[in-house]
Student: 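Shown below is the structure under consideration.
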Number of protein chains: 2
Amino acid sequence: MTAHTPGPWADPVTGVCPVAETLRLLGGKHGPTLLHCLTGGEMHFLELSRALGGISRKVLTEQLRVFEAEGLISRTPKQDARRRVAYALTPRGQALGAIIAQLYDWSTQPA
Amino acid sequence: MTAHTPGPWADPVTGVCPVAETLRLLGGKHGPTLLHCLTGGEMHFLELSRALGGISRKVLTEQLRVFEAEGLISRTPKQDARRRVAYALTPRGQALGAIIAQLYDWSTQPA
DNA sequence: CTGTATCCAGACGGATACTG
DNA sequence: CAGTATCCGTCTGGATACAG
């Protein structure tokens, strides 16, 4: 065939590439790092804030809300004196995190 | 340990998360789709332009240049009458594309 | 066909101050 | 500790016209 056969990168209904959509789920500048952070286990708001370096609390909050709405993370307020809130990956979030982790290996391979 | 043990998401030297860096390599709005498109084989500029739907030639050109500089794709001008230019994934680009393809499977799994 | 050159609107994210 | 509310600069990407 002279004409190129397109791969499955466009949804027949929405016309949107699922891969691009998934990448969008990962969020903006800090989304991927945030998700990858939580791969190591649950973390509190301030821990995440510090781990992500120069992220503003506003953006962090927004991203957490989005991930929560997407079912990637869970939010559980601890009832201790410090009123901390723990964030952790859901099974679905972990599955995505596993794929993301492969990007780590890829990035360390020789060109 | 009460304190959370950070995962390998921050480079000890640059302080940058390699995963986030890799995700950045994928480019902006159309980068991932573009890469995924080329998974099916080499394509010409106009083919890509159409496959990506509403992408401007300016942005497409920019993204192609970036990918080329990153060693993810190759640019080979054909010397035919139509002066077309073929773009294809390099081995490194294909390796990345393989990982990206997993995102497709993930996105189709039940929540 | 394959770009390049401007211009511009909107999204994104940082800084800061304030609240429960 | 964990947010929320504003303000505002920057960066991205779209539209359009022009060029090799």
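Per chain, numbering begins at 1; letters A, B, ... match sequence-line order.
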Student: Whether the side chain of B:Ser49 engages the backbone of B:Phe45 through a donor-acceptor N/O pair (distance < 3.5 Å, no angle test) should be reported.
Tutor: no

Student: Rounded off to whole Å, could you give me the CZ-to-C1' distance for the B:Arg24 and C:dG13 pair?
Tutor: 12 Å

Student: What is the distance, to the nearest angstrom, from the CZ atom on B:Arg83 to the P atom on C:dT2?
Tutor: 10 Å

Student: For the base of C:dG3, is there a side-chain donor-acceptor partner from B:Lys58 under 3.5 Å away?
Tutor: no

Student: Could you check whether any side-chain N or O of A:Thr90 sits under 3.5 Å from a backbone N or O of A:Ser74, counting only pairs where one atom can act as donor and the other as acceptor?
Tutor: no

Student: Looking at B:Leu52 and B:Cys37, what are the two nearest heavy atoms and their distance?
Tutor: CD2-SG, 3.8 Å

Student: Can you tell me the distance, in whole Å, between the CG atom of A:Leu34 and the P atom of C:dC12?
Tutor: 16 Å

Student: Report the distance from atom CD1 of B:Ile55 to atom P of C:dG3, rounded to the nearest whole Å.
Tutor: 13 Å

Student: Do you know which of B:Leu34, B:Leu64, B:Val66 makes side chain to side chain contact (heavy atoms under 4.5 Å, CB included) with B:Ile73?
Tutor: B:Leu64

Student: Between B:Tyr87 and A:Glu62, which is nearer to the 5' end of DNA chain C once each is assigned its nearest nucleotide?
Tutor: B:Tyr87

Student: Angle between the two end axes of the helix from C:dC1-D:dG20 to C:dG20-D:dC1, five base pairs per end, rounded to 10 degrees?
Tutor: 50°

Student: Applying side chain to side chain contact (heavy atoms under 4.5 Å, CB included) to A:Leu96 and A:Leu26, what does each step give before you reach the verdict?
Tutor: CA-CA 9 Å; A:Leu96 184 54; A:Leu26 287 176; 3.7 Å; yes

Student: Between B:Gln63 (CD) and C:dG3 (C1'), how many Å, whole number?
Tutor: 16 Å

Student: Decide, yes or no, whether a salt bridge links A:Lys78 with A:Glu42 under the criterion of side-chain N to carboxylate O below 4.0 Å.
Tutor: yes

Student: Using modelled atom types only, decide if a donor and an acceptor are shared between the side chain of B:Gln94 and the backbone of B:Pro91 within a distance under 3.5 Å.
Tutor: no

Student: For DNA chain C, whose closest nucleotide is more 5', that of A:Arg57 or that of A:Gly27?
Tutor: A:Gly27

Student: Which atoms form the tightest heavy-atom contact between A:Met43 and A:Ala51, and what is the distance?
Tutor: CE-CB, 4.1 Å

Student: At under 4.0 Å between heavy atoms, what does B:Arg82 touch on the DNA or RNA strands: base, sugar-phosphate, or nothing?
Tutor: sugar-phosphate

Student: Show, in sequence, the C-alpha distance, side-chain angles and deciding distance for B:His30 and B:Leu60, and conclude whether the side chain to side chain contact (heavy atoms under 4.5 Å, CB included) test is met.
Tutor: CA-CA 8 Å; B:His30 303 283; B:Leu60 177 55; over 6 Å; no

Student: Rounded to whole angstrom units, what separation is found between the CG atom of B:Leu64 and the C1' atom of C:dT2?
Tutor: 11 Å

Student: Measure CD/B:Glu47 against C1'/C:dC1 and give the value in whole Å, please.
Tutor: 12 Å

Student: Nucleotide range of DNA chain D contacted by chain A, 5' to 3', under 4.0 Å to a heavy atom?
Tutor: D:dC1 to D:dC7

Student: Which whole-number value in Å describes the distance from A:His30 NE2 to C:dC12 C1'?
Tutor: 10 Å

